[in-house]
Structure formats: structure tokens, C-alpha cells
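Start at 1 with the first residue, then count along the sequence.
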Amino acid sequence: MSTVRAAVQEKYGQAARQVRSGRSGCACCGSADPITSNLYDETEAAAIPVEAVLASFGCGNPTALAELTPGEVVLDLGSGGGIDVLLSAQRVGPAGKAYGLDMTDDMLILARENQQKAGLTNVEFLKGEIEHIPLPDNSVDVIISNCVINLSADKDRVMAEAFRVLKPGGRLAVSDVVVRGDNIPDAVRRSMKLWVGCVAGALEEREYREKLRRAGFEKIDVEPTRIYRTDDMRQSLDEAGLSDESTLAQIDGRVMSAFVRAQKPIPQAFAKASRSFVSRSMCVTNNP
């Protein structure tokens, strides 16, 4: 686990330093990487600093899919250069709050610089690991994440921590790389290059659902957003020394970006108390 964390930290720290020096720093692979390219529309990109766009290493756009509303508290797991945090802060407005959590110092420096350039005050970037979220129980309305959960070597702990910090009724709305089927070659699973590159650590879809269910989540849904074919994966496997035709054939169409939704249940006692409060309020309002 420590080896994976160190490799991820080094790769993404290097990417952040590249962006701060004025170069694109794609961490998953090349600048034309099908996993990380063309995720944000022109309006979104124009609303935030260019460095935040350059430091976008995700596989989706969770802020566009999470249906954020004004006043909500949002937490981005593995916030990187801050693009999803800044977009979330704009959506929840001054009455809301957007937290970004990252373990890499260089990314946090870049994210805070981007926050200053954006002029947003309802944002806070925290240093920490997604397996140990430095926020209280029941304190967050929505958790987002963009191609980060697959990088963790302890995904059960990530799911449990996400469940802990969400308020009752709170939502998990993450973009992640997911695998369909169990027969991904062992050589791919063992490759540290492909782990850091968002592929080797990806959960199989049924396993993803089961881990969320065991953590306590309900209303679980996994919606594919991009399915990667042989030509999409060839560069990544080539860099890992695994681009032989047999391996390419085994993963053709098996790796996908997906939007994963889940909800923390509302305890029955809490729901009954809320309904009772609403009923009493209506009686008082309607009483002449």
C-alpha cells in the first residue's frame, strides 16, 4: 500500500510541478490521452484559471453530473489542481462550501494558487489521504472525485470514510475508471505504471457496487461514460511494456470511465422526526 501511495504521490507531484512551470502535466499518460481529454466544455474552462484546466487528470466531469445546489457542502477526494473544487464552489455559491482533499504538497500549492486567481472564498484545500478524511462525521452533503478512487490500494477504507463524513441522505457522485469482467491480465494488474495510469487499480463493476453496499450505501448506480478500445489503450500499455496483441485483445472494451452514484441512507427515526416537524409547522401556519 505504501509503495502505491509513494508512486502516485511522485507522479502527480511531478505533474503539478510541470503545470506550475507552464507546461501541461497530464499524469495518466500523454496529452491526447482518451481517458483525460475533452472533459469540460468551453464555458466551464473559461470560468477557472488555465492552470486548473492543465492540471485536470480526471476521467469525467463529476461537477456537471452531481446536480449541486446552492448552500451545499461538497468534498472532492483527490482534488489535484482544484478544477472540480472551483467549479463546485461556483455552483454551491457563497452560502455553500467546497473542500478539496489531496495528499501531494505540489498539488495543494497549485490548487491554492488557482483558488487565489479565481477569487473564490468558499473554498478550502486540506492535506490528507482519502483513506483518512480530516473532516467530522456527518459534515458533507456531496462527495465528488475524479479518477482517484481507483488509485487507492485500500478502497474499502475509502468507501467507509466517505460514508462516515456524509450527512444522512448525502450523495456520492464520482467519476472513476471501472473494469467490466474479471479477466484483466495479471501483468496489467501488477504494473505500477498502469496503476498510476488509472487502469491497474480499477475495480470490476460488480466489486465496486459490492464495496459501496458493504460500506452502507444505497441507490447505487454505475453509468458508463466512455468505453476504451484497443487503440485507446495502446499507448498506456506500450509505456508499460505490455502492448502485445494478446494483452490488447484481452482488455479491448473492458476498461471504461463511469459515473458512480450512491446515497447514504436517512435513518428511519430521523425521517419520522422530520415529517413530524413539518406536520406541526403546517398546523401552526394554518391555525387562524
Side-chain angles (χ1 to χ4, degrees), residues 60 62-79 84-85 87-89 91-102 122-126 128-146 148-150 152-176 178 203-223 258-287:
T63 59
L65 300 170
E67 300 178 355
L68 303 177
T69 59
E72 289 189 313
V73 177
V74 183
L75 168 63
D76 182 13
L77 299 180
S79 48
D84 294 314
V85 178
L87 290 172
S88 296
R91 286 190 166 93
V92 301
K97 181 76 177 271
Y99 288 101
L101 175 64
D102 206 281
N122 60 335
V123 169
E124 184 176 351
F125 289 100
L126 308 170
E129 300 164 356
I130 63 175
E131 299 87 356
H132 307 278
I133 300 173
L135 287 174
D137 297 358
N138 307 314
S139 58
V140 175
D141 294 296
V142 185
I143 287 179
I144 63 173
S145 186
N146 201 344
V148 172
I149 293 176
N150 72 84
S152 173
D154 190 355
K155 296 174 180 65
D156 288 315
R157 180 69 187 228
V158 175
M159 309 299 188
E161 278 289 274
F163 188 87
R164 177 184 68 79
V165 301
L166 278 171
K167 299 175 184 178
R171 313 185 304 281
L172 180 83
V174 306
S175 293
D176 211 358
V178 179
L203 289 172
E204 199 278 329
E205 180 181 354
R206 288 168 297 179
E207 188 180 10
Y208 211 127
R209 292 175 181 271
E210 183 57 30
K211 286 183 181 296
L212 286 169
R213 191 173 293 111
R214 286 203 303 266
F217 285 99
E218 62 180 13
K219 299 181 180 178
I220 299 164
D221 182 54
V222 179
E223 176 188 345
F259 187 56
V260 182
R261 298 177 178 89
Q263 184 173 332
K264 182 173 180 175
I266 301 175
Q268 282 192 335
F270 180 84
K272 289 179 180 178
S274 297
R275 288 195 295 269
S276 176
F277 175 78
V278 171
S279 298
R280 291 196 304 272
S281 298
M282 290 177 66
C283 289
V284 171
T285 302
N286 294 328
N287 192 16

Atom pair [atom1] ([X]) and [atom2] ([Y]), whose distance is rounded to the nearest 0.5 Å:
X      : Y      : atom1 : atom2 : value
Arg261 : Leu172 : CZ    : CG    : 11.0 Å
Leu212 : Glu218 : CG    : CD    : 12.0 Å
Arg171 : Leu166 : CZ    : CG    : 9.5 Å
Lys167 : Lys264 : NZ    : NZ    : 11.0 Å
Asp76  : Asp84  : CG    : CG    : 5.0 Å

Looking only at heavy atoms, what is the nearest atom pair of [X] and [Y], with distance?
X      : Y      : result
Ala89  : Val123 : CB-CG2, 3.4 Å
Pro168 : Pro267 : CB-CD, 3.7 Å
Phe259 : Ser175 : CD1-OG, 4.0 Å
Asp102 : Gly78  : OD2-C, 3.6 Å
Val174 : Ile144 : CG1-C, 3.9 Å
Ile220 : Phe217 : CD1-O, 3.9 Å

Taking salt bridge (Lys or Arg N to Asp or Glu O under 4.0 Å) as the test, write out the residues that go with [X], two or more places apart.
X      : value
Arg213 : Glu210
Lys219 : none
Glu205 : Arg180, Arg209
Glu124 : Lys97

- Query: Taking side chain as C-beta onward, heavy atoms only, is Asp176 less than 4.5 Å from Ser145?
  - Reply: no

Could you pull out all donor-acceptor pairs under 3.5 Å where a side-chain atom in residues 155-165 meets a protein atom, sequence neighbours excluded?
from   : atom 1 : to     : atom 2 : distance (Å)
Lys155 : NZ     : Asn150 : O      : 3.4
Lys155 : NZ     : Ser152 : O      : 2.6
Lys155 : NZ     : Gly201 : O      : 2.9
Asp156 : OD1    : Lys211 : NZ     : 3.1
Asp156 : OD1    : Arg214 : NH2    : 3.3
Asp156 : OD2    : Lys211 : NZ     : 3.1
Arg157 : NE     : Glu131 : O      : 2.9
Arg157 : NH2    : His132 : ND1    : 3.2
Glu161 : OE1    : Ile133 : N      : 2.8
Glu161 : OE1    : Arg164 : NH2    : 3.1
Glu161 : OE2    : Arg164 : NE     : 2.8
Arg164 : NH1    : Leu135 : O      : 2.9
Arg164 : NH1    : Asp137 : OD1    : 2.7
Arg164 : NH2    : Ile133 : O      : 2.9
Arg164 : NH2    : Leu135 : O      : 3.2

- Message: Applying side-chain contact (heavy atoms from CB on, under 4.5 Å), can you list everything that pairs with Ala258, at least two apart in sequence or on another chain?
- Response: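 So Ala258 forms a side-chain contact (heavy atoms from CB on, under 4.5 Å) with Val178, Val222, Met256.
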
- Query: Could you walk me through whether Val142 and Glu67 pass the side-chain contact (heavy atoms from CB on, under 4.5 Å) check?
  - Reply: CA-CA 10 Å; Val142 185; Glu67 300 178 355; over 6 Å; no

